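Okay, here's the structure, questions in a sec.
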Protein chains: 2
Amino acid sequence: MKKIGLKEIAAHVGVSTALVSYVLNGQAEEKQVGKEVAEKIRKAAEQLDYRPNQLAKSLKTRRSNTIGLIVADINYRFSSGITRAVEAEAKKRNYTVIFGSSNESSEKLQELINVLINHQVDGLIVVPVENSEPSILSLQRSDIPFVLIDRHFPNVLTSNVMLDNFKAAYDSTEHLIRQGHEKIAFVNYSAQLFNLQERTRGYLAALSDHGIKHHPGWSLEVRSTHTEADMRKAIPHLTAINKCDAIFFATDRLAIAGLKEIVQLKILVPEDISVFSFDESEAFELFSCPISHARQPLEKMGKIAVSILHDLINKPKVINQTYLETELVIAKSCRE
Amino acid sequence: MKKIGLKEIAAHVGVSTALVSYVLNGQAEEKQVGKEVAEKIRKAAEQLDYRPNQLAKSLKTRRSNTIGLIVADINYRFSSGITRAVEAEAKKRNYTVIFGSSNESSEKLQELINVLINHQVDGLIVVPVENSEPSILSLQRSDIPFVLIDRHFPNVLTSNVMLDNFKAAYDSTEHLIRQGHEKIAFVNYSAQLFNLQERTRGYLAALSDHGIKHHPGWSLEVRSTHTEADMRKAIPHLTAINKCDAIFFATDRLAIAGLKEIVQLKILVPEDISVFSFDESEAFELFSCPISHARQPLEKMGKIAVSILHDLINKPKVINQTYLETELVIAKSCRE
DNA sequence: AAATTTGCTTTAAACGTTTAAAGTGATAAA
DNA sequence: TTTATCACTTTAAACGTTTAAAGCAAATTT
């Protein structure tokens, strides 16, 4: 069964490919194609089950109607949420998504960027990973439109849609303070990622603004590579030694690891200690009490990212940096 | 800054595009390209930062080196696991993945298939959804290689990589029986999906093979659209009324919903009742005790799917149906 | 000296589209 | 009758590659 192209339809109807192209692209009116001819062409296309070759189309029009999406790890709840939103919004705007997962490796990220560029994506949505600054810089030099999502580099000017991590952490901490907590601990990863650092900054600012002197023993960093082991030391350090009355975890993965340890030590939430998490996790669903957390608007982030990218693709390039607020989901894990 | 193509390199070096193409595709030897010329070409490509246009390449070679992946919902842990594996294996074999999520809608699935075919994917990996049989049948008629994953239609002959759902459910049930449980409940979705029905069949067969008479009150179906409400009735029905000593949930989502209700009712696991789940969930991590479950080999499934597809793309088409076994992860949620 | 081989390079068509430009025959205006 | 306009259609080049075939000069064999 031969592939059906414009040529086959043209032959079938007895006209040139140009006419077929016009009709099938909705330019029948504009190009004044004869009414019956147009009808015949449409019918033939239908009947022969014509499938336009998007590659040829893209090659000619220099538009692939394709955007690349690179997430840090598709297994993160954050990533799948973003992916879903991006895909939906992209589809609405008639883009197809080419997907890649860097698995937090900057080399893999660079490779993916190359592959996607070779595939002539019209634009790129990227969640950058640690040490990927050079890749982003080189992206910037090529003239592919792109927008960063969730993470960015403070000294590289890019379009991005971000959480206001500082504010989210600030508000969350403030919430804990208002609830009457006095010794609020903060657990973060020992990573250089800007948005994680912003969370630390927000935490410290809230304490300071409320006249609470930060005790160095209250905030800890654990390694992402040895989370479990580090957490095993961290929790007793914060509870038994520093007598903290609340722990604010900088990510959901940290909260899970921390809660496991807390359960292990038979510490009760919220009776013995309050717990607050940045981001939610499916894991919270079955914890003994619902966990208060700052919720990221994934749907919105994905949607906005596509929207910004779309503008970038079509209009004179203007840097667009959108900061979104988180919603605080207050649950029983924080004692009043 | 003009786009660099073969032509630009050719002009820069002072040769024809043919030579450039040969060299850059590793056919320098074969085509007996002069050594210094080859070197000059490579250098120029490097220096001008040449990016081959994959679209043009594909158009000419009739190979896009692209495969389409359509999952049912990227937010499922199952989907993201498969996606990660597929992407990794695809990359190894030099394919790029174009991604789509049908969100359990058969119309969306059909649309996605069309888009991907128009993008000239070399093949397709699909997790079909309910009522998508017509789409799969039409896929079969076109001659795009494809493999189904996780789900399939028993009366449509396709290549697929599947779990042996019957065996997995059988083995799981048998495990519960061996542990001494006598009244084993089974909770499934009221869906027509073949693999879910296979799980029910496996459960029933195990009971029967061990001389246990199945009591109709032991197995229940809840609606995916009203899981919570249905589950609220289901759990008391199984515990208080039918005095079951174990509940086997047919999916992880069901297990989560069930466990929530169980916690609500202050029923203790495993003291009051044993719980077994098909598939695991991040949510189990923070439950009061680890949940026994049948684990799906996601990595393997994704990898094999790509491997089968790759064969399908390159060799005379042979139907390949691979059934994988699950691993039983035995934990404390089942009383001995 | 002519013919063949060798080593390297170019030519040109093709993949399936799009689209500006040119072509055509009929009708209307001059 | 000539010319212009109209309504429709075709021609052909182009997008960036690949690749069979042909070309060509120097070296080697007859």
Side-chain angles (χ1 to χ4, degrees), chain A residues 1-42 44-45 48-66 115 117-122, chain B residues 1-42 44-45 48-66 115 117-122:
Chain A
M1 195 173 72
K2 215 195 158 293
K3 263 273 167 74
I4 301 299
L6 250 27
K7 218 187 323 184
E8 282 68 30
I9 300 184
H12 187 265
V13 179
V15 295
S16 70
T17 60
L19 269 196
V20 181
S21 173
Y22 291 145
V23 171
L24 264 25
N25 285 299
Q27 308 190 59
E29 295 277 283
E30 186 186 339
K31 301 286 174 174
Q32 308 187 104
V33 180
K35 290 225 166 192
E36 325 85 77
V37 179
E39 204 39 58
K40 261 198 251 175
I41 289 174
R42 272 188 272 264
L48 299 178
D49 191 28
Y50 168 64
R51 310 290 191 109
N53 183 324
Q54 183 62 43
L55 297 185
K57 241 172 151 139
S58 302
L59 181 59
K60 181 65 209 189
T61 61
R62 328 181 108 256
R63 274 287 209 116
S64 68
N65 276 102
T66 276
V115 171
I117 290 182
N118 292 351
H119 275 276
Q120 310 295 121
V121 291
D122 293 335
Chain B
M1 194 174 72
K2 218 196 157 296
K3 263 270 166 74
I4 301 299
L6 251 27
K7 217 185 326 179
E8 282 68 31
I9 300 183
H12 187 265
V13 179
V15 294
S16 69
T17 60
L19 268 197
V20 181
S21 174
Y22 291 143
V23 171
L24 263 25
N25 285 299
Q27 306 188 62
E29 295 276 283
E30 185 186 340
K31 303 284 174 172
Q32 306 187 105
V33 180
K35 290 228 166 189
E36 326 85 77
V37 179
E39 204 38 59
K40 260 199 251 174
I41 290 175
R42 273 188 272 264
L48 299 178
D49 191 28
Y50 168 65
R51 310 289 190 111
N53 183 325
Q54 183 61 42
L55 296 185
K57 237 170 156 142
S58 302
L59 181 60
K60 181 68 211 190
T61 60
R62 326 181 112 257
R63 273 288 208 116
S64 67
N65 277 102
T66 275
V115 171
I117 290 183
N118 292 352
H119 274 276
Q120 311 296 119
V121 291
D122 291 336

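Hydrogens, waters and symmetry mates are skipped; everything else that's a heavy atom, side chains included, is used. Model, not experiment: these values are computed from the prediction.
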**OP:** For B/Arg51, enumerate each residue passing the salt bridge (charged side-chain N to carboxylate O under 4.0 Å, His left out) test, keeping only those at least two apart in sequence or located in another chain.
**Re:** B/Asp49
Subject >> Any A/Thr66 side-chain heavy atom under 4.5 Å of A/His119 side chain >> reply: no
Original post:
More 5' along DNA chain C: B/Leu59 or B/Val37, using each one's nearest nucleotide?
Top reply: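 Here B/Val37 is the residue nearer the 5' end.
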Subject >> Contacts of B/Asn65 that satisfy side-chain hydrogen bond (donor to acceptor under 3.5 Å, both in side chains) - sequence neighbours left out >> reply: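 For B/Asn65 there are no side-chain hydrogen bond (donor to acceptor under 3.5 Å, both in side chains) partners, ignoring immediate neighbours.
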Can you tabulate the close N/O pairs, meaning under 3.5 Å, that link protein atoms to atoms of nucleotides 22-26 of chain D?
none

Subject >> Proximal nucleotide (of D/dT11, D/dG16, C/dT10) relative to the A/Arg62 side chain >> reply: D/dG16
**OP:** Check side chain to side chain contact (heavy atoms under 4.5 Å, CB included) between B/Leu59 and all other residues, then give those that pass, not counting sequence neighbours.
**Re:** A/Asn53, A/Ala56, A/Leu59
Subject >> Under 4.0 Å protein heavy-atom contacts per nucleotide of nucleotides 19-29 of chain C, with B for base, S for backbone only and - for none >> reply: BB---------
Subject >> B/Asn25 side-chain proximity, nearest of C/dT17, D/dT18, C/dC15 >> reply: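 So the nucleotide nearest the side chain must be D/dT18.
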Original post:
Minimum heavy-atom separation for B/Gln54 to A/Gln120, with atom names?
Top reply: N-OE1, 4.2 Å
Contacts under 3.5 angstrom, residues 4-28 of chain B side chains, donor-acceptor by atom type, not counting sequence neighbours:
{"residue": "B/Glu8", "atom": "OE1", "partner": "B/Gly5", "partner atom": "N", "Å": "2.7"}
{"residue": "B/Glu8", "atom": "OE2", "partner": "B/Lys2", "partner atom": "NZ", "Å": "3.3"}
{"residue": "B/Ser21", "atom": "OG", "partner": "B/Asn25", "partner atom": "ND2", "Å": "3.4"}
{"residue": "B/Asn25", "atom": "ND2", "partner": "B/Ser21", "partner atom": "O", "Å": "2.8"}

Original post:
Can you check the A/Asn118 CG to D/dG16 P distance for me, whole Å?
Top reply: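 To the nearest whole Å, that distance equals 14 Å.
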Subject >> Pairs meeting criterion salt bridge (charged side-chain N to carboxylate O under 4.0 Å, His left out) with involvement of residues 16-41 of chain B, two or more places apart >> reply: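 Counting only pairs at least two positions apart or across chains, the salt bridge (charged side-chain N to carboxylate O under 4.0 Å, His left out) contacts touching residues 16-41 of chain B are B/Glu39-B/Arg42.
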Original post:
Roughly how many Å is it from CD1 in B/Ile9 to C1' in D/dT17, rounded to a whole number?
Top reply: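 It is 12 Å, rounded to the nearest whole Å.
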Subject >> Contact list for DNA chain C against residues 48-56 of chain B - heavy-atom distance below 4.0 Å >> reply: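 DNA chain C contact set from residues 48-56 of chain B: none.
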Original post:
Expressed in angstrom and rounded to an integer, what is the separation of A/Lys7 atom NZ from D/dA12 atom C1'?
Top reply: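 Rounding to the nearest Å, NZ of A/Lys7 and C1' of D/dA12 are 14 Å apart.
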Subject >> Axis-to-axis angle between the two ends of the helix from C/dA1-D/dT30 to C/dA30-D/dT1 (five base pairs per end, rounded to 10 degrees) >> reply: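 One end's axis against the other's: 80°.
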Original post:
Starting at NZ of B/Lys3 and ending at P of D/dC15, how long is that distance when rounded to a whole Å?
Top reply: 13 Å
Original post:
Sequence neighbours excluded, which residues qualify as side-chain hydrogen bond (donor to acceptor under 3.5 Å, both in side chains) partners of A/Arg63?
Top reply: A/Asn314
Subject >> Residue pairs involving residues 18-28 of chain A (criterion salt bridge (charged side-chain N to carboxylate O under 4.0 Å, His left out); sequence neighbours excluded) >> reply: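 Salt bridge (charged side-chain N to carboxylate O under 4.0 Å, His left out) check on residues 18-28 of chain A returns no pairs.
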Subject >> Inter- and intrachain pairs under salt bridge (charged side-chain N to carboxylate O under 4.0 Å, His left out), touching residues 14-25 of chain B, at least two apart >> reply: none
**OP:** Kindly give the heavy-atom pair with the smallest separation between B/Asp122 and B/Ser64, and that separation in Å.
**Re:**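 What the structure gives for the nearest pair is OD1-N, 3.0 Å.
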